[in-house]
Amino acid sequence: MIKIAPSILSADFTNLGADMESIKTADYLHFDVMDGIFVPNISIGIPVLESVRKRTDMFLDVHLMIDKPHRYVKRFAEAGADLVVFHLEADQPQDIYPALEEIKACGKKAGLAIKPKTPGELLLPYLPLLDLALVMTVEPGFGGQKFMADMMPKVRLLRKAIEDQGLACELEVDGGVNPETAKVCIEAGANVLVAGSDVFKAQDRAGRIALLRGDRA
Ligand code: DX5
Ligand code: ZN
């Protein structure tokens, strides 16, 4: 089943409750955390996550774009994330394994993300431990960028590894997803699609989510 995860990075933060309500037919709510160090932008963090958690039962997919995420994964898990995803490039291997364990010890799902320049092969050793693998289809940091179709071989590689090993790991793409590029991602093997600007700029957000998912009208 294809899942759509609208990114609230594209929401109006003065109107966040209503914007969350407008995307409630989606499968996940994608929550982008940026620290101005791992990526050249700063977004939202723990207090906003706590408020969002109180307001919705939606599955909260928290994407940490922060340096040395092992320092914070537990706090995001406790603040209400259902899934905590952090970047492979942001920590040392000796810190990555304990961070994944720490998330799971909180009873939450754990995932790893890779930036466009990171080969998919680097994620392979971690796949059996992951609930979700995230392939960035833009350079992380900003919404509204152009989709990088050249990431699709990476999606195919990871989908094949997941299938070959019979893993339960979900495969997510993030960046530049619209109805056209969504089809390309699904065809390559992604099953969770993050979409920020495309969903939030739509008048009919529920209709847009259904379109991205490929639901029949
Ligand atoms: C980018 C973020 C994305 C972003 C996607 O660094 O991780 O989740 O919100 O935005 P769009 O869908 O507009 O490319
Ligand atoms: Zn994201």
Side-chain angles (χ1 to χ4, degrees), residues 5 7 9 28 30-50 53 59-142 148 151 153-175 189-192 194:
S7 164
L9 190 63
Y28 294 174
H30 187 81
F31 189 99
D32 285 307
V33 180
M34 305 179 184
D35 67 351
I37 297 173
F38 182 70
V39 290
N41 199 6
I42 297 176
S43 61
I44 47 178
I46 291 165
V48 179
L49 180 60
E50 287 170 342
R53 176 74 291 165
F59 182 96
L60 302 182
D61 161 20
V62 174
H63 178 196
L64 299 181
M65 288 161 276
I66 65 173
D67 190 45
K68 300 187 182 64
H70 73 271
R71 299 173 297 162
Y72 288 103
V73 289
K74 188 166 186 228
R75 291 185 59 192
F76 280 95
E78 289 175 349
D82 292 295
L83 163 71
V84 179
V85 182
F86 60 95
H87 273 264
L88 178 69
E89 307 89 352
D91 241 324
Q92 300 296 322
Q94 65 267 26
D95 290 323
I96 289 176
Y97 289 104
L100 293 170
E101 288 307 319
E102 214 173 352
I103 297 165
K104 291 182 185 183
C106 294
K108 304 304 176 78
K109 293 188 170 180
L112 274 176
I114 49 174
K115 297 205 275 187
K117 290 193 184 72
T118 304
E121 285 78 2
L122 295 188
L123 216 44
L124 294 177
Y126 298 96
L127 275 188
L129 305 171
L130 303 182
D131 295 298
L132 179 141
L134 167 54
V135 173
M136 290 304 300
T137 43
V138 297
E139 283 297 339
F142 300 91
M148 298 168 75
M151 294 299 114
K154 211 188 281 192
V155 173
R156 287 181 205 285
L157 172 98
L158 292 168
R159 172 52 65 197
K160 183 171 186 314
I162 289 167
E163 297 295 321
D164 287 351
Q165 298 172 61
L167 302 173
C169 183
E170 296 200 289
L171 187 52
E172 181 176 62
V173 287
D174 183 3
N191 77 299
V192 185
V194 176

ask   = Do you know the tightest heavy-atom contact between Gly120 and Leu158?
value = O-CD2, 3.8 Å
Under the side chain to side chain donor-acceptor pair (under 3.5 Å) test, residues paired with Glu163 that sit two or more places apart = Arg159
N/O donor to acceptor pairs below 3.5 angstrom from side-chain atoms of residues 99-115, sequence neighbours left out:
{"unit_1": "Lys104", "atom_1": "NZ", "unit_2": "Leu129", "atom_2": "O", "d": "2.3"}
{"unit_1": "Lys108", "atom_1": "NZ", "unit_2": "Ala77", "atom_2": "O", "d": "2.8"}
{"unit_1": "Lys108", "atom_1": "NZ", "unit_2": "Ala81", "atom_2": "O", "d": "2.7"}

query = Can you check whether Leu9 reaches Ser43 side chain to side chain, under 4.5 Å on heavy atoms?
reply = yes
task = Mind jotting down which residue pairs meet the salt bridge (Lys or Arg N to Asp or Glu O under 4.0 Å) criterion with at least one end in residues 121-140? Sequence neighbours excluded, please.
result = Lys117-Glu139
Contact summary for Leu127 and Ala161, nearest pair of heavy atoms = CD1-CB, 3.7 Å
inquiry  = Quick check: do Leu60 and Leu49 have side-chain heavy atoms less than 4.5 Å from each other?
reply    = yes
request  = Kindly determine whether Leu64 and Phe38 satisfy side-chain contact (heavy atoms from CB on, under 4.5 Å), including the steps that lead there.
outcome  = CA-CA 10 Å; Leu64 299 181; Phe38 182 70; over 6 Å; no
ask   = Looking at side-chain heavy atoms only, is the closest gap between Val194 and Glu172 below 4.5 Å?
value = yes
request  = Check whether any side-chain heavy atom of Phe31 sits under 4.5 Å from a side-chain heavy atom of Ile44, and report yes or no.
outcome  = yes
ask   = Could you go step by step and tell me if Val85 and Leu83 meet the side-chain contact (heavy atoms from CB on, under 4.5 Å) rule?
value = CA-CA 6 Å; Val85 182; Leu83 163 71; 3.7 Å; yes
task = Report yes if some heavy atom in the side chain of Leu134 is under 4.5 Å from a heavy atom in the side chain of Met136; otherwise report no.
result = yes
Any donor-acceptor pair under 3.5 Å from Thr137 side chain to Asp174 backbone = yes
note = Residue pairs passing the ring pair (Phe, Tyr, Trp, His ring centres under 6.0 Å) test with at least one member in residues 91-128, sequence neighbours excluded, are Tyr97-Tyr126
message = With heavy-atom distances below 4.5 Å as the criterion, would you say the side chains of Pro128 and Cys169 are in contact?
response = no
ask   = Which pairs pass side chain to side chain donor-acceptor pair (under 3.5 Å) with one or both residues in residues 31-40, sequence neighbours excluded?
value = Ser7-Asp32, His30-Asp32, Asp32-His63
inquiry  = I need the Leu130 CG to Leu123 CG distance, nearest 0.5 Å.
reply    = 6.0 Å
request  = With the side chain counted from C-beta on, respond yes when Leu132 and Leu171 share a heavy-atom pair under 4.5 Å apart, and no when they do not.
outcome  = no
remark   = Closest non-hydrogen atoms of Pro40 and Pro140, given as atom of the first, atom of the second and distance, are CD-O, 4.3 Å
query = Which pairs with one or both residues in residues 65-84 pass side chain to side chain donor-acceptor pair (under 3.5 Å), sequence neighbours excluded?
reply = Arg53-Asp82, His70-Asp91
query = Could you state the interatomic distance from CG (Asn191) to CD (Glu170), rounded to the nearest 0.5 Å?
reply = 4.5 Å
key: Within-4.5 Å side-chain heavy-atom neighbours: Ile66 and Val33   = yes
